[in-house]
Amino acid sequence: WLKPTVAQSKTKLTVSGLKNERNGTVSFTVTNTGKKPSPFTYIKVDDEIFYCSDDYFWLNPGESKSVKVNIKDYSPQRKFTVSINSWNAKSCILLEK
């Protein structure tokens with residue numbers, strides 16, 4: 001019941017300062033540019049094992065957070081997509097490789 005209720009209060013996430021390092025580390029800053037809080041803001045890397053400096057966090061309107069994502073067994077030949085999501089915001093595609 002909570003997720004559908006929160007999803008009705010739309011907000012917007014933006015990403016800046018994207019850095020893609022050769023060793024499989026991606027860093028960026030995510031900002032809630034909407035007028036509602038962004039609960040359960042999380043990172044997703046399709047088809048890869050990864051870990052983040054922070055995940056499933058709350059962003060108040062105007063608040064920013066720097067995040068670093070490390071992709072395990074990174075290889076330049078592998079394709080992956082990094083996105084940031086929230087219960088009440090559209091998914092932002094950060095990097096498609």
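Counting all heavy atoms, side chain and backbone alike, Asp54 lies closest to Val67 at O-CG1, 3.9 Å. For Gly34 against Asn32, the heavy-atom pair with the smallest separation is N-OD1, 3.0 Å. The two residues Ser66 and Ser53 make their nearest non-hydrogen contact at O-OG, 4.2 Å. Heavy-atom minimum distance, Ser86 versus Ser38: OG-OG, 2.8 Å. The two atoms that bring Ser9 and Lys36 nearest to each other are O-CB, 3.9 Å, heavy atoms only. Between Ser64 and Thr31 the shortest heavy-atom distance is OG-OG1, 2.7 Å.
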Intermediate values then yes/no, side chain to side chain contact (heavy atoms under 4.5 Å, CB included), Ile84 and Thr41: CA-CA 7 Å; Ile84 186 148; Thr41 306; 3.9 Å; yes
Run the side chain to side chain contact (heavy atoms under 4.5 Å, CB included) test on Val69 and Phe28 for me, step by step, so that the C-alpha distance in whole Å, both residues' side-chain angles and the decisive distance to 0.1 Å come before the verdict. CA-CA 9 Å; Val69 178; Phe28 55 89; 3.9 Å; yes
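Residue Trp58 holds its CH2 atom at 8.0 Å from CZ of Phe40, rounded to the nearest 0.5 Å. Interatomic distance, CD of Glu48 versus CG of Asp73, reported as 8.0 Å (0.5 Å rounding). Lys90 NZ to Lys10 NZ: the interatomic distance, rounded to the nearest 0.5 Å, is 8.5 Å. Considering OG1 of Thr11 and CG of Leu59, their distance stands at 9.0 Å, rounded to 0.5 Å. A distance of 13.5 Å separates CD1 of Ile49 from CG of Asn70, quoted to the nearest 0.5 Å. With rounding to the nearest 0.5 Å, the separation of CH2 in Trp87 from CG in Leu2 is 4.5 Å.
Inter-residue side-chain proximity for Thr81 and Val45 is flagged as unmet; no heavy-atom pair is nearer than 4.5 Å. Put simply, the side chain of Thr25 does not reach to within 4.5 Å of the side chain of Tyr74, judged on heavy atoms. Between Ser83 and Asn85, some side-chain heavy-atom pair lies under the 4.5 Å cut-off.
When the salt bridge (charged side-chain N to carboxylate O under 4.0 Å, His left out) test is applied to Asp46, the partners found at least two apart in sequence or on another chain are Lys44.
Between Tyr42 and Tyr56, the ring planes lie parallel to each other; the angle is under 30°, not in the 30° to 60° tilted range.
Under a 3.5 Å cut-off, the side chain of Asn88 and the backbone N or O of Lys3 do not form any donor-acceptor pair.
Both Val82 and Leu18 belong to a single network of hydrophobic side chains, linked directly or stepwise wherever heavy atoms of I, L, V, M, F, W or Y lie under 4.5 Å apart.
Because its NZ or CZ atom is both nearer than 6.0 Å to the ring centre of Phe57 and within 45° of the ring axis, Lys65 counts as a cation-pi partner of that residue.
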